[in-house]
Structures are given as C-alpha cells and as structure tokens.
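This report concerns only the one structure given below.
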There are 2 protein chains.
Amino acid sequence: MKKQSIEHTHLLILSLLAGEDMYGYQMITELARRSQNVFSMKEGTLYPVLHGLEKQGYVEAYQQAAESGRMRKYYRITRSGRGCLAEEKQSWEVYEGAVNAVLRFSAGLA
Amino acid sequence: MKKQSIEHTHLLILSLLAGEDMYGYQMITELARRSQNVFSMKEGTLYPVLHGLEKQGYVEAYQQAAESGRMRKYYRITRSGRGCLAEEKQSWEVYEGAVNAVLRFSAGLA
DNA sequence: TGACATACATAGAATATCTATGTATACTAT
DNA sequence: ATAGTATACATAGATATTCTATGTATGTCA
C-alpha cells in the first residue's frame with residue numbers, strides 16, 4: 001500500500017562504510033541484517049547513489065579479488081565522507097527529534 | 001544542498017488532527033511551532049495530501065467561520081483515520097529503530 | 001490605500017526510490 | 001555436464017513525494 005522508503009540512503013551507506021570497506025552487494029545484505037530486515041535496499045537504488053557519492057568524493061572505489069577469485073568492487077569512505085556522515089547523523093537526530101516532538105504533543109492531549 | 005524532506009507527511013498531519021480539528025494554514029504553523037521550525041511544510045505539499053486523506057476517508061472537512069467572519073476549512077480525523085495514525089506511528093517507530101540500529105552498529109566499531 | 005499576513009488551491013519541476021531488465025560469475029544438486 | 005540459484009554490478013524507465021512557482025481572495029494595520 002505504502003512504500004517503506006529509505007530516504008536517508010546517504011546516511012546509511014556512509015555509516016556502513018565507516019565501520020569497514022564493503023562492496024555493493026554486501027552493503028545490501030548488511031543493511032538488511034543490521035536493521036533486522038526493515039531495510040531491503042534495491043540495486044537500482046544503491047548503485048546510482050554509490051556512484052554519486054564517489055563523484056562527490058565521499059567514497060573511493062577499488063577492485064579486489066575475493067578468495068573465490070572473483071573480482072569485487074570495494075568502497076572506502078574518505079575523510080570528507082566522514083565529515084558528510086557526521087552532518088547527516090546530526091540532521092537525522094534533528095529530524096528524529098522533531099517527529100517525536102510532534103507525536104508527543106498530540107499524545108499529551110489525547 | 002540536500003532537501004530536508006518530510007516523508008512522513010501523513011503521520012504528521014494525522015497526528016496534529018488527533019489533538020484537535022485544524023484548518024490547513026494552521027497545520028503548517030503548528031507543525032513549525034511544535035517541531036521548533038524543523039518542519040516548514042509547504043502549501044504545495046499539504047493541500048494535495050489533505051485532499052488525498054479526505055478521499056481515503058481518514059479525515060473529513062467542514063466549513064466554519066472564524067471570529068473575523070472569514071470562512072475556514074477545518075479538518076477532523078475519522079475513526080479509520082485514527083487507525084491509520086496508529087499504524088503510521090508504529091511504522092515510524094520501526095523505521096526509527098532500524099536507522100538507529102545501523103548507526104549504533106558502526107559507532108560500536110569506530 | 002498599500003503592504004502584509006492569512007487562506008486555499010493547482011500545475012509543473014525536482015528528487016528519491018523502486019521495478020524491470022541485462023550481463024556475467026560461482027556454487028550446488030541432480 | 002548442466003540446470004538452477006545466489007552472487008555481483010549496472011542502467012533505463014516508472015512511480016511517488018515534495019518543492020517551487022503561481023494564482024486568487026480576504027482581513028488587518030500603518
């Protein structure tokens with residue numbers, strides 16, 4: 001009925017990369033795991049965003065072979081990416097606080 | 001740079017109306033006030049959403065004159081609107097928890 | 001009476017995310 | 001060996017959401 005959207009995609013991706021370098025597919029599975037399946041980001045969302053982050057200099061890509069021999073494209077967060085993450089985190093907290101303030105207000109009246 | 005979007009518009013509007021009947025313009029100012037200016041919903045966002053909520057039967061509109069004599073269009077939340085609000089609230093909590101879980105995870109590693 | 005805030009409304013642009021699709025590799029079970 | 005499935009990256013086009021811009025009209029105050 002209503003889509004469960006991820007509008008803070010940048011925040012989530014940068015947050016994942018702040019912990020360790022990851023490749024695209026891994027980000028999708030990790031995000032699902034860490035959110036207990038609340039988030040199921042699609043490839044069609046992730047890859048364009050990832051390329052955008054790279055163009056902005058927030059992440060850097062490098063190729064590396066898995067043990068299987070298969071090539072994977074890993075992403076690493078940059079210094080400026082960490083700055084962006086800090087900002088996004090802050091703005092998430094502001095947003096979260098604002099929603100909860102509105103909810104509490106009505107609850108208080110009910 | 002990046003828009004501070006309100007994607008949980010339904011939740012916020014229904015939440016306002018759960019406290020008291022309101023007219024459109026009032027919702028905008030109240031939302032700003034209660035969120036300490038984090039939210040500044042635009043008319044172009046509000047009115048279409050309001051009409052949609054009405055069509056879905058979640059709110060009902062009625063005309064009423066202000067003391068000034070001016071006509072205003074008030075909205076009242078319906079029974080099914082309260083049901084919708086409860087669902088939206090729940091899904092906001094799930095979403096909020098999931099974002100924070102992802103953030104905490106990375107913070108724990110840093 | 002002119003400026004400004006209030007009040008409702010819609011069209012069109014911009015943005016974000018999803019669906020669908022394509023390609024290719026590695027693993028697993030028959 | 002080979003068919004099916006999971007992995008892995010990618011893009012085009014559709015859909016959804018919100019904003020910008022604009023229009024109309026009323027009430028208030030200097």
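One can place CD of E30(A) at 13 Å from P of dT7(D), the figure rounded to the nearest angstrom. In this structure, the CG atom of L46(B) is 15 Å from the P atom of dT17(D), given to the nearest Å. Rounded to an integer number of Å, the gap from Q64(A) CD to dA8(D) P is 13 Å. Between M41(A) atom CE and dC18(C) atom P the separation is 7 Å, expressed in whole Å. The NE2-P distance, from H10(B) to dT17(D), rounds to 7 Å in whole Å. Distance NZ (K42(A)) to C1' (dA12(D)): 18 Å, rounded to an integer number of Å. The distance between atom CG of L11(A) and atom P of dA16(C), rounded to the nearest whole Å, is 14 Å. Atom-to-atom, CD1 of I28(B) to C1' of dC19(D) comes out at 12 Å; the value is rounded to the nearest Å.
The side-chain hydrogen bond (donor to acceptor under 3.5 Å, both in side chains) test applied to E93(A) returns no partner, not counting sequence neighbours. In this view, Y62(B) and Y74(B) satisfy the ring pair (Phe, Tyr, Trp, His ring centres under 6.0 Å) rule, not counting sequence neighbours.
Note on ring orientation: taking the six-membered ring where Trp is involved, the planes of Y95(B) and F39(A) are perpendicular (angle over 60°, cut-offs 30° and 60°).
Contact record, M41(A) with I28(A): O-CG2, 3.4 Å, taken as the closest heavy-atom pair.
Side chains of N100(A) and E96(B) form a contact here, defined as non-hydrogen atoms less than 4.5 Å apart.
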Under 3.5 Å, N/O pairs linking protein and nucleotides 6-11 of chain C:
from    : atom 1 : to     : atom 2 : distance (Å)
dT6(C)  : OP2    : Y25(B) : OH     : 3.2
dT6(C)  : O2     : R70(B) : NH1    : 3.0
dT6(C)  : O2     : R70(B) : NH2    : 2.9
dA7(C)  : OP1    : Y23(B) : OH     : 3.4
dA7(C)  : OP1    : R72(B) : NE     : 2.6
dA7(C)  : OP1    : R72(B) : NH2    : 2.3
dA7(C)  : OP2    : Y23(B) : OH     : 2.8
dA7(C)  : O4'    : R70(B) : NH2    : 3.2
dC8(C)  : OP1    : K73(B) : N      : 3.1
dC8(C)  : OP1    : K73(B) : O      : 3.4
dC8(C)  : OP2    : G24(B) : N      : 3.2
dC8(C)  : OP2    : Y25(B) : N      : 2.7
dC8(C)  : OP2    : Y47(B) : OH     : 3.0
dA9(C)  : OP1    : K73(B) : NZ     : 2.8
dA9(C)  : OP2    : H51(B) : NE2    : 3.1
dT10(C) : OP2    : H51(B) : ND1    : 3.4

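Few gaps surround CD on Q63(B); more than 12 heavy atoms of other groups in view lie less than 6.0 Å from it.
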